[in-house]
2 protein chains.
Amino acid sequence: MKPVNGDGKPAYRRIQHSIQKRIQAGQLKPGDVVESERELAKIHGVSLMTARHALAELAREGMVERRHGAGTFVAPPKIHFNKLMSYTEQMASRGLAARSRIVSAETVSNEPEIAARLSLGTASPLIKVARVRQAGDEPFALETCYLPADEFPSFSTAALERGSLFSILEREYGTELAYADEEIDATGADESTAELLSIPHGSPILRMRQLIFSTSGKPTTYVVGLYRSGRHTLLIRRFR
Amino acid sequence: MKPVNGDGKPAYRRIQHSIQKRIQAGQLKPGDVVESERELAKIHGVSLMTARHALAELAREGMVERRHGAGTFVAPPKIHFNKLMSYTEQMASRGLAARSRIVSAETVSNEPEIAARLSLGTASPLIKVARVRQAGDEPFALETCYLPADEFPSFSTAALERGSLFSILEREYGTELAYADEEIDATGADESTAELLSIPHGSPILRMRQLIFSTSGKPTTYVVGLYRSGRHTLLIRRFR
DNA sequence: AAGTGGTCTAGACCACGGC
DNA sequence: CCGTGGTCTAGACCACTTC
């Protein structure tokens, strides 16, 4: 009497996805009521606990809100705080094209501190790419990223001209990024940075040092970003 | 045949807490195995699903890790990224005492921009308290916080000398804080800030503007923090 | 093979919300 | 009042890890 599910996926996931699809397709709008546990159980031919599991997961992910005694409702779209996004993605999410210029691209072996952060030997070769990010014609940030050269063979700077670093890592090398730890502080622009950003030497700039980890837990990229004061604000949401 | 639980709390929460206590008391150390679902069910006289619920919640909170086929294990203590903590709490979590000096405390009605951020009329009275945070004898930050004066009657600056702002809000006024949205950028120290932080005028400083919301979703406090360069680094974790 | 977590059933009662 | 989500039972089988 075991009702075989069509695929190998858990029933609660299938229910979850079916609701998720309807939300993304716009058939269910924020505020709309979602089927109750009992309705879903009947529709999908599962027990209450299974239907419940599906809704509980969706609530945990922020897709729906559950109100005791009232029902389950589609949640308003969340603003993506604390999301790890590439510059290209950030611009795209605002409907803008990413503009940047590669300042330098080389393989270096003399940056022991950064190699250490990437859990590598002190003399390990690193791909080092420095780019100036532009808004309109004005440069507003200098980003330098470091990758272990051994893990990204035949890394092509040309590809960087076209697409984002993230998409290259993910599509060309199958590296799934998971999270990043960032250190943020203020500092003054040194000579070369000042020149690249067209600001006076010593101007206050925001420095963001980012260590990006892949899903396997390995540090994959180190990025140092220097942002012109007044041109850039970081947004974070903290929870209690 | 309904086994009455001693209190009104759900069984799965009691199980959760009993495990949580043993972890915090050090009886269970990171890596230690936790009782299996079946064991917990027997011990607490509940069904498997209930014991399971308790462990699933603990896993969601990051207290334990579950490994399919192997067991449930105490997770290593997590670094609290992206947590909304008061200065006092941050220091306490490092085993240090918070040291700060109140620079000024007044009620103002002429800061329309900040009143607006707190969703108040432009002329609403605001409690404004400026404090210098110290590490040892060295000042490293200037924090100015604003609260709606109407909602915190008889706000005592004296209490601030003793405890943290957060604890006053939570204990004296029953305001539960939920989350904060922060804007972070770099700027240069103005005259008065430079003097208070003992740094040259124009030195780069990290500015953090924070709007703190209560659990009811209402903006409750606005904080502007100015941090000396080199003395302070912000840590964030971003997820993909 | 034994033990674990992951999924699931077919019910039950309770607490809460809105009419 | 009825329908909702919240908790819970007493089992079951499967997938996985460990030995």
Side-chain angles (χ1 to χ4, degrees), chain A residues 1-20 23 28 30-75 216, chain B residues 1-20 23 28 30-75 215-217:
Chain A
M1 194 51 127
K2 177 180 49 177
V4 170
N5 0 349
D7 44 24
K9 304 290 177 211
Y12 78 93
R13 285 226 171 280
R14 284 188 292 114
I15 299 173
Q16 228 177 297
H17 287 137
S18 84
I19 296 172
Q20 226 157 356
I23 293 176
L28 282 172
D32 285 1
V33 65
V34 179
E35 288 89 344
S36 72
E37 301 177 351
R38 289 160 180 81
E39 286 170 334
L40 282 175
K42 264 182 205 155
I43 293 169
H44 291 87
V46 298
S47 81
L48 254 183
M49 284 297 281
T50 303
R52 174 176 182 66
H53 192 166
L55 289 178
E57 284 277 286
L58 282 176
R60 227 171 38 78
E61 290 170 15
M63 305 276 304
V64 302
E65 286 173 8
R66 317 197 70 192
R67 288 208 291 278
H68 192 168
T72 301
F73 306 86
V74 178
S216 63
Chain B
M1 196 48 128
K2 178 180 48 178
V4 170
N5 1 347
D7 44 23
K9 304 292 176 209
Y12 78 92
R13 285 225 169 282
R14 293 197 333 261
I15 299 173
Q16 229 177 296
H17 286 137
S18 83
I19 297 172
Q20 226 157 357
I23 293 176
L28 282 172
D32 284 2
V33 64
V34 178
E35 288 87 345
S36 72
E37 301 178 351
R38 289 159 179 83
E39 284 170 337
L40 283 174
K42 265 182 203 156
I43 294 169
H44 293 86
V46 298
S47 80
L48 254 183
M49 283 297 278
T50 303
R52 175 177 181 69
H53 193 167
L55 289 178
E57 283 278 284
L58 283 176
R60 229 173 36 77
E61 290 169 14
M63 305 276 306
V64 302
E65 286 173 7
R66 317 197 70 193
R67 288 210 293 278
H68 191 168
T72 300
F73 305 86
V74 178
T215 44
S216 64

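Heavy atoms only: backbone and side chains are in, while hydrogens, waters and symmetry mates are out. Owing to the predicted nature of the structure, the values given are computational and were not obtained by experimental measurement. Per chain, numbering begins at 1; letters A, B, ... match sequence-line order.
Side-chain proximity of B:Arg66 to C:dG17, D:dT18, C:dG5: nearest is C:dG5. Among the nucleotides D:dC8, D:dT17, C:dC8, the one closest to the side chain of B:Ala70 is D:dT17. Among the nucleotides C:dA15, C:dC8, C:dG6, the one closest to any side-chain atom of A:His68 is C:dA15. In this structure, the nucleotide among C:dG11, D:dG5, C:dG5 sitting nearest to the side chain of A:Met49 is C:dG11. Among C:dT9, D:dT9, D:dT7, the nucleotide with an atom closest to any side-chain atom of A:Thr50 is C:dT9.
In terms of polar N and O atoms assigned as donor or acceptor, the side chain of A:Arg38 comes within less than 3.5 Å of the base of D:dG5 in a complementary pairing.
A:Lys42 has its NZ atom 13 Å from the C1' atom of D:dT4, to the nearest Å. Going from atom NE2 of B:His53 over to atom P of C:dG6 covers 14 Å, rounded to whole Å. Atom CZ in A:Arg13 sits roughly 15 Å away from atom C1' in D:dA15 (whole-Å rounding). Rounded to whole angstrom, the span from the CZ atom of B:Phe73 across to the P atom of C:dG3 amounts to 15 Å. Summarising the geometry, the separation between CD on B:Glu37 and P on D:dC16 is reported as 16 Å, rounded to the nearest angstrom. A:Glu35 has its CD atom 14 Å from the C1' atom of D:dT4, to the nearest Å. Remark: C1' of D:dC8 and CD1 of B:Ile15 are 11 Å apart, rounded to the nearest angstrom. At whole-Å resolution of the value, CD in A:Glu65 and P in D:dT4 are 18 Å apart.
For D:dG3, neither phosphate oxygen OP1 nor OP2 lies less than 4.0 angstrom from any side-chain nitrogen or oxygen of A:Ser36. B:Tyr12 has a side-chain polar atom (N or O) that falls below the 4.0 Å cut-off from OP1 or OP2 of D:dT7. Phosphate proximity of D:dA10 to B:Ser47: absent, as no side-chain N or O sits under 4.0 Å from OP1 or OP2. Using a 4.0 Å cut-off, some side-chain N or O of A:Thr72 falls inside it from OP1 or OP2 of D:dG5.
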Begin from the C-alpha positions of A:Ile15 and A:Ile43 and carry the test side chain to side chain contact (heavy atoms under 4.5 Å, CB included) through to its verdict. CA-CA 10 Å; A:Ile15 299 173; A:Ile43 293 169; over 6 Å; no

Does the side chain to side chain contact (heavy atoms under 4.5 Å, CB included) test come out yes or no for B:Arg13 and B:Glu57, once each step is laid out? CA-CA 9 Å; B:Arg13 285 225 169 282; B:Glu57 283 278 284; 4.1 Å; yes

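The residue A:Arg52 sits close to a base: some heavy atom pair falls under 4.0 Å.
Side-chain atoms of A:Ser18 and A:His44, non-hydrogen and from C-beta on, do get closer than 4.5 Å to each other. Side-chain contact between A:Arg66 and A:Arg52 is present, with at least one heavy-atom pair separated by less than 4.5 Å.
Residue order along DNA chain C, read from the 5' end via each residue's closest nucleotide, puts B:Glu39 first among B:Glu39 and B:Leu48.
The side-chain contact (heavy atoms from CB on, under 4.5 Å) with A:Tyr12 is formed by just one residue from the set A:Leu58, A:Leu40, A:Leu55, A:Thr50; it is A:Thr50.
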